[in-house]
Amino acid sequence: MSAAYEGHQLAVAVADLLADPDAAGLPVHQPWWRQSLALGVPGIALLHVELAAAGLRPWQRAHHWLTAATSRPVTSGAHSHPFHGAPALAHVLACAAARQPGAYADALDGPDKAITADARRRVAAAHARIDAGKLPALAEFDAIRGLTGIGAYLLHRAAAGQELRAVLEYLVRLTQPLHRPGEVLPGWWAGSGPSGRPDARFPGGHGNNGMAHGIAGPMTLLALAALRGVVVDGQLAAIGTICSWLDRWRSETDAGPIWPYWITRPQLQANRAEVHRRQRPSWCYGTTGLARAQQLAALALNDPVRRTIAECALVRALADPQQLAATTDPSLCHGYAGLAHIARRAADDALPEVAARLNALVPRLLDMIDKEGAGPRRTAAALIAKAAGPGFLEGAAGVALAALSCRTAAVSNSSWDSCLLTARPTHPLT
């Protein structure tokens, strides 16, 4: 049985166990869970949307979950972010609308207005913070809670709008150095630890490199927008600035290039960081996410050397037993499903020889989701029963979506993963 077939069967099995929101035994009506793309209803709805679009399960199931997500008041403004509230629900509704033209347009009117207003508010606050010479919070700019995530939605939904250009202009400014008494820091240097809170292990803060919470996310959005034809002053130079930062901290190992998750103040002052080959090569932090980000940056900059480095780094990381051994779960965020999905996405944009190698690695990565050979149904039940539950980022819905997307024909015409910055926009500029 092929891995592609298994991926199809696993996605269906997860969805069948989560067919009815009222019968799933889940906290569907709790406000936080109903609005959480990371953990709750929107991620499950997204799985049903993709299966319905593929003709594998009925649209009515998707509609039931979308109704569960939107039937009560939705959080917007300062208390929302790309993975919670109006932006999270809008992402799922937009994916459904793209897959079923003519449907859900009215339901998107309210969230779209809330998101554009929030984008303007966030950008203004970010510029005021820069004007005051203060360090940013990760949640100001990152992909999960910040303006990069908001920009990712706008790029796929309203790429011609002024709000997206404002986000891009802010991200360009974010790459300009911050001059502080006696030192110069990267503009994205956070005063907190990686959790976003003060941390004694990070005196003086840190420079985060990751896709989820670090500077790789803004670089990827800038690159994706450029590839779409949306370019503001300084955008390509800003991509180059971030690339140079990643070049500075890249370590060459027997398994290829590896980048640290973050840089501490002592490491910055010493201009040296230790990187362990045994770190997991995940989407959120690690070589897989950073290599995909740099592949897209190289395409935007028309830089064949950087493209080769990024694509080779991705192949070597996904074939390295030590890095794979550090991957201990099946999740989309930092597990085997995410590795397989990024390999498949990157293969679409890779040079032919590299694409063949990446596509050959995908079945092996998918096989790691069911190491014991339990089969789709039992594996689906086990995934839902795990601590991460049925959610998108770390749970069963995300694993199922990644497995489904690794089918040969399923990945290129969907943007369910645009919130992860792994998908290139394919629809016309609007």
Problem - For Ile115 against Ala90, the heavy-atom pair lying closest together - result: CD1-CB, 3.5 Å
Handout entry: Validation row: Pro260, Asn209 side chains within 4.5 angstrom (heavy atoms)
Key = yes
Exercise for the section: Using a 4.5 Å cut-off on heavy atoms from C-beta on, say whether the side chain of Ile144 contacts that of Leu393. Expected result: yes
Problem - Side-chain touch Cys419/Leu37, heavy atoms, less than 4.5 angstrom - result: yes
Handout entry: Whether over 12 other heavy atoms sit under 6.0 Å from Arg278 CZ
Key = no
Problem - SB check Arg265 Glu183 (cutoff 4.0 Å) - result: yes
Exercise for the section: Among Leu324, Thr287, Leu314, find the residue that satisfies the side-chain contact (heavy atoms from CB on, under 4.5 Å) test when tested with Leu339. Expected result: Leu324
Handout entry: Trp65 side chain vs Gly43 backbone, donor-acceptor pair below 3.5 Å
Key = no
Exercise for the section: Using atom types as modelled and distance alone, determine if a side-chain donor or acceptor of Ser36 lies under 3.5 Å from a backbone N or O of Trp32. Expected result: no
Handout entry: Donor-acceptor contact present, side-chain Arg57 to main-chain Ala52, <3.5 Å
Key = no
Practice task
Give a yes or no answer on whether the side chain of His91 reaches the backbone of Trp416 with a donor-acceptor pair at less than 3.5 Å.
Solution key: yes
Handout entry: Leu420 backbone acceptor or donor facing Trp283 side chain under 3.5 Å
Key = yes
Completion exercise
Pro390 and Leu18 have their tightest heavy-atom pair at CB-CD1, 3.8 Å
Practice task
Please examine the side chains of Tyr261 and Arg280, heavy atoms only from C-beta on, and report whether any two atoms are closer than 4.5 Å.
Solution key: yes
What side-chain donor-acceptor pairs closer than 3.5 Å can you find for residues 210-225, not counting sequence neighbours?
unit_1	atom_1	unit_2	atom_2	d
His213	ND1	Asp142	OD2	2.7
Thr220	OG1	Ala216	O	2.7

Practice task
Find out whether His341 and Leu365 are in side-chain contact, i.e. whether some heavy atom of one side chain is under 4.5 Å from a heavy atom of the other.
Solution key: no
Problem - Beyond-backbone contact of Leu51 with Leu47, side-chain heavy atoms, under 4.5 angstrom - result: yes
Exercise for the section: Return yes if some donor-acceptor pair links the side-chain N/O of Arg180 with the main-chain N/O of Leu185 below 3.5 Å, else return no. Expected result: no
Problem - Test item: Arg129 side-chain N/O and Lys134 main-chain N/O as donor-acceptor pair under 3.5 Å - result: yes
Problem - Any side-chain heavy-atom pair of His206 and Pro194 under 4.5 Å - result: yes
Exercise for the section: Considering only NZ, NE, NH1 and NH2 on the basic side and carboxylate oxygens on the acidic side, decide whether Asp349 and Arg307 come within less than 4.0 Å. Expected result: no
Practice task
State whether the side chain of Glu50 and the backbone N or O of Ala400 hold a donor-acceptor pair below 3.5 Å, judged by distance alone.
Solution key: no
Practice task
Indicate yes or no: does Arg250 engage Asp247 in a salt bridge with an N to O separation below 4.0 Å.
Solution key: yes
Exercise for the section: Can you see which heavy atom on Ser405 is nearest to which on Ala402, and at what distance? Expected result: OG-O, 2.9 Å
Practice task
Please state whether the rings of Tyr170 and His127 are parallel, tilted or perpendicular, taking 30° and 60° as the class boundaries.
Solution key: perpendicular
Exercise for the section: Work out which heavy atom in Ala347 is nearest to a heavy atom in Asn359; give both atom names and the distance. Expected result: CB-OD1, 3.5 Å
Handout entry: Among Leu46, Val41, Ile44, the one residue meeting side-chain contact (heavy atoms from CB on, under 4.5 Å) with Val92
Key = Leu46
Problem - Side-chain donor/acceptor of Gln295 to backbone N/O of Ala346, under 3.5 Å - result: yes
Practice task
Would you please classify the geometry between the Trp189 ring and the Trp245 ring as parallel, tilted or perpendicular, with 30° and 60° separating the classes?
Solution key: perpendicular
Problem - Tyr336/Asp367 under side chain to side chain donor-acceptor pair (under 3.5 Å): CA gap, chis, key distance, verdict - result: CA-CA 9 Å; Tyr336 292 111; Asp367 285 344; over 6 Å; no
Handout entry: Close side-chain approach of His81 to Arg122, heavy-atom, < 4.5 Å
Key = yes
Handout entry: Working for salt bridge (Lys or Arg N to Asp or Glu O under 4.0 Å), residues Arg344 and Asp348
Key = CA-CA 7 Å; Arg344 183 68 185 85; Asp348 279 350; 2.8 Å; yes
Handout entry: Straight-line distance of Leu147 CG to Leu174 CG, nearest 0.5 Å
Key = 9.5 Å
